[in-house]
Amino acid sequence: MSMRRFKGQVLPAARQNNPIIHRPFQSTPDYYTKLIETYARDRELHPARLLHAHLITIGSARSTHLASKLIALYAACGQIAHARKVFDKIPQTNIRRWFALIGAYARCGFYQQAIDVFWEMQRKVSRPNKIVIPSVLKACGHLSDLKTGKKIHAVVLRFSFEFDAFVSSALIDMYSKNGRVEKAQQVFDMMVEKDLVALNAMVSGFAQHGLAREALRLVEKMQLLGLKPNLITWNSLVSGFSQKGDEALAYRIFNLMWVNGIEPDVVSWTSVISGFVHNFQNNKAFHTFKQMLSHGLCPTSNTISSLLPACAAVTDVKRGKEIHAYALAIGVEEDVYVRSALVDMYAKCGFIYDAKALFCKMSQKNTVTWNSMIFGYANHGYCNEAIELFNQMKMEDDKKLDYLTFMAVLTACCHAGMIELGESLFYLMQERHGIVPRLEHYACMVDLLGRAGKLTEAYDMIKAMPMEPDLFVWGALLGACRNYGNIDLAEVAAKHLSELEPESAGNNLLLSSLYADSGSWGNVARLKKMMMKNKLRKLPGRSWMEAA
DNA sequence: TTAGGGTTAG
């Protein structure tokens, strides 16, 4: 394809913007590299295809360097098949081509593909290249695939890669992300020269597992070793403590950053905001968000999706809309996390049609998107819509169904009194999808059976539970007994509830009203006496509404 | 090639 061929012609818009065509004399490998990197950063598939065609024409597409860049470009655009085609064109003797593919997949979030290609490499190459190991371990961490992570560790040991700092840090991270902090520590302790990345991976591992003392002690040790904690060290502490519910400690560490001359970045602020939201400190979250803006920092999609649940929690749709507008203004509204959080926020605030409109507009939906919408319908009494959406989700991609999807659809069945459907879904969840029922599912099923008056079946289900029933399970049974006047089972449920919740008066009052309904005044008096003796008082319920 | 932030539950 000659550049001159286009001279004087009216080109389609995409081609008019194509810098290759307008600047033919800069067409050096370095120029193409920069162009590919720009297209990868902006995920521009169409110009990328044109450029690839051009490189094929001029015979440069098989250069290992440019081909590796093209693989990264296609992976960034989500074009796995194209990435693979470019990989297949690189001469098979070139060992680095494996890294080009595995590394690109891992960087772009195609974790399972990265692992699959690694095993393919293992089958085809006698000695693996250690440079791919960190990328594959990263994939295992993100997928919570400890089994594969351990197999990779075995490969590391077989080929004596354990002395590589990159490999060790990646192992520490993989074990930490899979909840095996003690294994991470073993790898860390074995390292002869501990660098900042390994230390940060270990600090993060401790902090994310609630081991605040160990994390802080390691930071002190780091300083004794002459390593200065960097922004990532500080952010690991802030985020770890926030996630483990110690938002006050996270905030203290965050404030210490200023004292220590570290400039908190958007990650630091987002971690603090997220900590406040998860610990129901919504006003503090909003206040911190405002402070962050006043410091001149621009929020990211992570910040926005962290903050939206705070609006949902207090059904503050006005603030939710403001944040929605903000997301549009900064160009992150199309992010799937942001949109899922928006769907949830609108649904929880009662704006179910806005939630639906947004949901329908989304071309990319993840499990949370579907679950939020199904919960939204179920909680607003649109049970048929919830069930219909569940069926649609199952048809489109049944791998996306998780335990919360079934919670959502079972809630819909419960509200609509659809016992048979609820029972069949409870069965389907286990047999077809291999999802082990949790306490919440049992509570839902007991509620479903109880509301339909099937009290014996509900009690049989409780007795067959493989774990100890909790407040919600017994509470559902007691509520059903109240509705159907079953005193014997109500007494059983109330007894368990008083053991689980000894200071609560509500359950005894429910039982008392059941006795009263049946004219059992002696029992009413006995219960009242017991409550007075134990100083049990019903706390008044509270609710609020937003005034226009 | 390795280390830090995000959405759904009764």
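Chain letters run A, B, ... following the sequence lines, proteins first, then strands; residues in each count from 1.
A:Asn200 is linked by a side chain to side chain contact (heavy atoms under 4.5 Å, CB included) to A:Leu196, A:Met222, A:Asn230, A:Ile232, A:Thr233, counting only residues two or more places apart in sequence or in another chain. With sequence neighbours excluded, no residue satisfies side chain to side chain donor-acceptor pair (under 3.5 Å) with A:Arg97. Taking the side chain to side chain contact (heavy atoms under 4.5 Å, CB included) definition, one finds that A:Ala378 meets it with A:Ala386, A:Thr411, A:Ala412, sequence neighbours left out. Looking at residues two or more places apart in sequence or on another chain, you find a side chain to side chain donor-acceptor pair (under 3.5 Å) between A:Asn94 and A:Thr64. In this structure, the side chain to side chain contact (heavy atoms under 4.5 Å, CB included) partners of A:Leu216, at least two apart in sequence or on a different chain, are A:Leu237, A:Phe241, A:Ile253. Partners of A:Thr405 by side chain to side chain donor-acceptor pair (under 3.5 Å), not counting sequence neighbours, listed by chain and number: A:Asn371, A:Asp402. Applying the side chain to side chain contact (heavy atoms under 4.5 Å, CB included) test to A:Leu293 and every residue at least two apart in sequence or in another chain returns A:Phe289, A:Pro299, A:Tyr326.
Look at CZ on A:Phe188: it is 15 Å from P on B:dA3, rounded to the nearest Å. For A:Ile323 and B:dT7, the CD1 to P distance is 14 Å, given to the nearest whole Å. Atom pair A:Phe241:CZ and B:dG5:P shows a separation of 13 Å (rounding to whole Å applied). The distance from atom CG of A:Leu410 to atom P of B:dT8 is 20 Å, rounded to the nearest whole Å. Protein atom CE of A:Met373 is 20 Å distant from nucleotide atom P of B:dT7, rounded to whole Å. Between the CD1 atom of A:Ile462 and the P atom of B:dG10 there is a distance of 19 Å, given to the nearest Å. Computed from coordinates, the A:Leu199 CG to B:dA3 C1' distance equals 10 Å when rounded to whole Å. The interatomic distance linking A:Lys130 (NZ) with B:dT1 (C1') rounds to 10 Å, in whole Å.
Taking CH2 of A:Trp119 as the start and CD1 of A:Ile102 as the end, the distance is 10.5 Å to the nearest 0.5 Å.
Of all the residues in residues 249-276 of chain A, A:Asp265, A:Val266, A:Val267, A:Thr270, A:Ser271, A:Ser274 reach under 4.0 Å from DNA chain B with at least one non-hydrogen atom. For the segment residues 353-371 of chain A, residues with any heavy atom less than 4.0 angstrom from an atom of DNA chain B are, sorted by number, A:Asn366, A:Val368, A:Asn371. Taking every heavy atom of residues 338-350 of chain A and every atom of DNA chain B, pairs under 4.0 Å involve A:Val338, A:Ser340, A:Asp344, A:Lys348, by number.
Using a 4.0 Å heavy-atom criterion, one finds that A:Thr303 contacts the bases of the nucleic acid, with or without backbone contacts as well. Residue contacts for A:Asp470: at a heavy-atom cut-off of 4.0 Å it reaches a base atom on one of the strands shown. If you check every strand for non-hydrogen atoms under 4.0 Å, A:His441 touches nothing. Note on A:Asn379: only backbone sugar-phosphate atoms sit closer than 4.0 angstrom, heavy atoms only; bases stay farther off. Within 4.0 Å (heavy atoms only), A:Leu231 reaches at least one base atom of the nucleic acid. A:Phe99 comes within 4.0 angstrom of sugar-phosphate atoms only, judged by non-hydrogen atoms across all strands, and of no base. Residue A:Lys400 is classed as having no contact, given no heavy-atom separation below 4.0 Å to the nucleic acid.
Not a single donor-acceptor contact under 3.5 angstrom links the side-chain atoms of A:Asp447 to the base of B:dG10. Counting atom types as modelled, A:Thr300 pairs no side-chain N or O with a base atom of B:dG6 as donor and acceptor under 3.5 Å. The base of B:dT2 sits with one of its N or O atoms less than 3.5 Å from a complementary donor or acceptor on the side chain of A:Ser169. Between the side chain of A:Ser305 and the base of B:dG6, a donor-acceptor pair under 3.5 Å is found.
Salt bridge annotation for A:Asp173-A:Lys177: present, with a cationic side-chain nitrogen under 4.0 angstrom from a carboxylate oxygen.
Among the nucleotides B:dG6, B:dT1, B:dA3, the one closest to any side-chain atom of A:Ser135 is B:dT1. Listed candidates were B:dT7, B:dG5, B:dT1. Nearest to the side chain of A:Pro134 is B:dT1. Of the listed nucleotides (B:dA9, B:dT2, B:dG6), B:dG6 has the atom at the smallest distance from the side chain of A:Tyr337. Nearest nucleotide to the side chain of A:Phe472, out of B:dT2, B:dG10, B:dT8: B:dG10. The A:Ala201 side chain lies nearest to B:dA3 when the options are B:dT7, B:dG10, B:dA3. Set against B:dG6, B:dG10, B:dA3, the side chain of A:Asn230 has B:dA3 as its closest nucleotide.
Within the structure, every pair that satisfies the ring-ring contact (aromatic ring centres under 6.0 Å, His included) test and touches residues 327-346 of chain A, not counting sequence neighbours, is listed here: A:His324-A:Tyr346.
The side chain of A:Gln208 contributes an N or O atom lying less than 4.0 Å from OP1 or OP2 of B:dG5. Distances shorter than 4.0 Å separate none of the side-chain N or O atoms of A:His415 from OP1 or OP2 on B:dG10.
A:Lys365 forms a cation-pi arrangement with A:Phe359, by the criterion of a distance under 6.0 Å to the ring centre and an angle within 45° of the ring axis. Both the sub-6.0 Å distance and the 45° axial angle are not jointly satisfied by A:Lys130 relative to the ring of A:Phe159.
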Considering only distance and modelled atom types, tabulate donor-acceptor pairs under 3.5 Å from the side chains of residues 273-282 of chain A, sequence neighbours left out.
from: A:Ser274; atom 1: OG; to: A:His278; atom 2: ND1; distance (Å): 3.4
from: A:His278; atom 1: ND1; to: A:Ser274; atom 2: O; distance (Å): 3.2
from: A:Asn279; atom 1: ND2; to: A:Glu247; atom 2: OE1; distance (Å): 3.4
from: A:Asn279; atom 1: ND2; to: A:Gly275; atom 2: O; distance (Å): 2.7
from: A:Gln281; atom 1: OE1; to: A:Lys284; atom 2: NZ; distance (Å): 3.4
from: A:Gln281; atom 1: NE2; to: A:Glu247; atom 2: OE2; distance (Å): 2.9

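Aromatic ring pairs are classed by plane angle as parallel below 30°, tilted from 30° to 60° and perpendicular above 60°; the pair A:Phe254 and A:Tyr251 is parallel.
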